[in-house]
Amino acid sequence: MPTVTIVGAGPRLGLAIARTFGSRGFDVALIARDRERLERLVGTLAADGVNAAAFPADVLERDALVQALKGAADEFGGIDVLEYSPASANGGGTLTSPSETDPSHVQREMEFQFYGAIAATNAVLPAMRESGAGTLLYTTGAGSVVHVPKAANVSTASAALRNWAINLRKELAGTGIQAAHVALDVTIAAPTFYGQPKATADQISPVYWDLHATDRDKAEFIFRR
């Protein structure tokens with residue numbers, strides 16, 4: 001069976017993406033730092049008839065992340081789809097406007113969003129190149145594509161990931177590998193941040209399947225309500 005690996009798997013969007021792919025015959029590998037939460041998600045997916053396994057790792061620990069991806073590939077015979085969507089590293093901490101931002105405010109977000117995505121991609125891309133097939137999907141908040149001055153530190157890292165992902169897509173043209181960016185201009189089960197509407201994870205997750213299966217000509221999808 002083909003395999004989707006979700007980095008940053010959580011109980012909302014990560015679970016919904018897992019169900020979307022799992023219901024279409026994919027095995028599911030879940031990567032996040034909380035082992036107990038991952039095991040609960042594996043149990044939930046098993047109840048839905050989806051074959052899933054947990055590979056705990058923190059995206060800030062590069063070696064552990066790479067080993068988790070290797071473990072997933074070994075377990076399932078390869079990784080066909082990589083989806084990277086860890087929650088913001090900000091964790092309710094300081095959000096800074098452009099004039100308030102110093103490098104330290106941006107660095108952790110860069111480590112979490114951007115550098116983690118690069119490490120994950122480098123771990124799976126050689127096998128995709130060898131097989132001539134694969135899908136790489138990267139998720140950010142709306143700050144990657146719209147102006148959110150009060151969260152400049154977070155948006156800076158998001159925009160860097162977006163730019164890199166779209167350039168990666170151009171580099172991979174003609175190889176059979178899809179790379180695309182998803183920007184979420186909504187909130188999921190949370191208070192609105194700057195007036196965005198809310199959406200459910202189940203409303204969003206089909207976008208990822210479409211980018212993999214039917215919309216491989218698209219470099220980006222901005223989810224709005």
Practice problem: For Arg224, enumerate each residue passing the side-chain hydrogen bond (donor to acceptor under 3.5 Å, both in side chains) test, keeping only those at least two apart in sequence or located in another chain. | Solution: Asp185
Exercise. Verify the cluster assignment for Trp164 and Leu82: are they in a single hydrophobic cluster under the rule of side-chain heavy atoms below 4.5 Å apart?
Key: yes
Quiz item: With the 4.5 Å side-chain cut-off for hydrophobic clustering, are Leu136 and Val66 part of the same group?
Solution: no
Practice problem: With side chain to side chain contact (heavy atoms under 4.5 Å, CB included) as the test, would you mind laying out the steps for Leu184 and Leu13 before giving the verdict? | Solution: CA-CA 11 Å; Leu184 302 180; Leu13 184 58; 3.9 Å; yes
Quiz prompt | Met128 reachable from Ile166 in the ILVMFWY side-chain graph, under 4.5 Å edges | solution = no
Quiz prompt | Asn153 side-chain N/O to Thr96 backbone N/O, donor-acceptor pair under 3.5 Å | solution = yes
Practice problem: Spell out, as yes or no, whether a donor-acceptor pair under 3.5 Å connects the side chain of Asp48 to the backbone of Val50. | Solution: no
Quiz item: Is there a side-chain contact between Thr20 and Tyr208, using heavy atoms and a 4.5 Å cut-off?
Solution: no
Practice problem: Please report the shortest heavy-atom distance between Leu38 and Ala54, naming the atom on each side. | Solution: CB-CB, 3.6 Å
Practice problem: Measure across Ala72 and Ala29 and return the closest heavy-atom pair with its distance rounded to 0.1 Å. | Solution: CB-CB, 3.6 Å
Quiz prompt | Exceeds 12 heavy-atom contacts within 6.0 angstrom, atom CG of Asp63 | solution = no
Self-check item: Closest contact, heavy atoms only, Pro149 versus Pro98
Solution: O-CD, 3.2 Å
Exercise. Give the minimum heavy-atom separation between Leu65 and Gly116, together with the two atoms involved.
Key: CD2-O, 3.7 Å
Practice problem: Among Thr139, Thr156, Val154, find the residue that satisfies the side chain to side chain contact (heavy atoms under 4.5 Å, CB included) test when tested with Gln113. | Solution: Val154
Self-check item: Test item: Thr135 and Arg216 side chains (from C-beta on) under 4.5 Å apart, heavy atoms
Solution: yes
Self-check item: For Asp74, side-chain hydrogen bond (donor to acceptor under 3.5 Å, both in side chains) partners two or more places apart
Solution: Lys70
Quiz item: Between Arg169 and Glu220, is there a salt bridge with N-O shorter than 4.0 Å?
Solution: no
Quiz item: Is a donor on one side and an acceptor on the other found under 3.5 Å between the side chain of Asn163 and the backbone of Ala159?
Solution: no
Exercise. Could you pull out all residues at least two apart from Thr200 that satisfy side-chain hydrogen bond (donor to acceptor under 3.5 Å, both in side chains)?
Key: Gln203
Quiz item: Counting heavy atoms not belonging to Arg35, are there more than 12 under 6.0 Å from its CZ?
Solution: no
Practice problem: Might you confirm whether atom CZ of Arg37 has over 12 heavy atoms from other residues, nucleotides or ligands at distances under 6.0 Å? | Solution: yes
Exercise. Compare all side-chain heavy atoms of Leu45 with those of Leu30 and state whether any distance is below 4.5 angstrom.
Key: yes
Quiz item: Looking at side-chain heavy atoms only, is the closest gap between Asn51 and Met1 below 4.5 Å?
Solution: no
Quiz item: Going through the distances and angles, do Ile204 and Ile188 end up as a side chain to side chain contact (heavy atoms under 4.5 Å, CB included)?
Solution: CA-CA 9 Å; Ile204 298 169; Ile188 305 172; 3.6 Å; yes
Exercise. Could you please spell out the steps behind the salt bridge (Lys or Arg N to Asp or Glu O under 4.0 Å) verdict for Lys150 and Glu100?
Key: CA-CA 9 Å; Lys150 67 181 180 181; Glu100 296 169 332; over 6 Å; no
Quiz item: When you look at Ile177 and Leu125, which way does the side chain to side chain contact (heavy atoms under 4.5 Å, CB included) test go after all the steps?
Solution: CA-CA 9 Å; Ile177 303 168; Leu125 185 54; 3.8 Å; yes
Quiz item: Phe21 versus Glu83: any side-chain heavy-atom pair under 4.5 Å?
Solution: no
Exercise. Could you verify whether a donor N or O on one side chain and an acceptor N or O on the other, from Ser144 and Ser158, lie under 3.5 Å apart?
Key: no
Quiz item: How are the rings of Tyr84 and Tyr138 set relative to one another: parallel (under 30°), tilted (30 to 60°) or perpendicular (over 60°)?
Solution: tilted
Quiz item: For the side chain of Asp80 and the backbone of Thr3, is there at least one donor-acceptor N/O pair under 3.5 Å apart?
Solution: yes
Quiz item: Where the side chain of Gln178 meets the backbone of Lys218, is there a donor-acceptor pair that is under 3.5 Å apart?
Solution: yes
Quiz item: How long is the gap from CD1 on Ile79 to CG on Leu69, to the nearest 0.5 Å?
Solution: 5.0 Å
Quiz item: So, Thr44 and Arg19: side-chain donor and acceptor under 3.5 Å apart, yes or no?
Solution: no
Quiz item: Looking at Glu111, His105, Glu109, which hits side chain to side chain donor-acceptor pair (under 3.5 Å) with Gln107?
Solution: Glu111
Quiz item: Side-chain contact, heavy-atom cut-off 4.5 Å: Thr5 with Val124?
Solution: no
Practice problem: List the atom of Pro56, the atom of Ala68, and the distance in Å for their closest heavy-atom pair. | Solution: O-CB, 4.4 Å
Practice problem: Measure the CG-OG1 distance between Asp210 and Thr214 for me, rounded to the nearest 0.5 Å. | Solution: 4.0 Å
Practice problem: Looking only at non-hydrogen atoms, find the nearest pair between Met110 and Ala157 and report the distance. | Solution: SD-CA, 3.5 Å
Self-check item: Evaluation steps, side chain to side chain contact (heavy atoms under 4.5 Å, CB included), between Phe76 and Phe26
Solution: CA-CA 10 Å; Phe76 293 117; Phe26 273 66; over 6 Å; no
Quiz prompt | Validation row: Arg129, Leu172 side chains within 4.5 angstrom (heavy atoms) | solution = yes
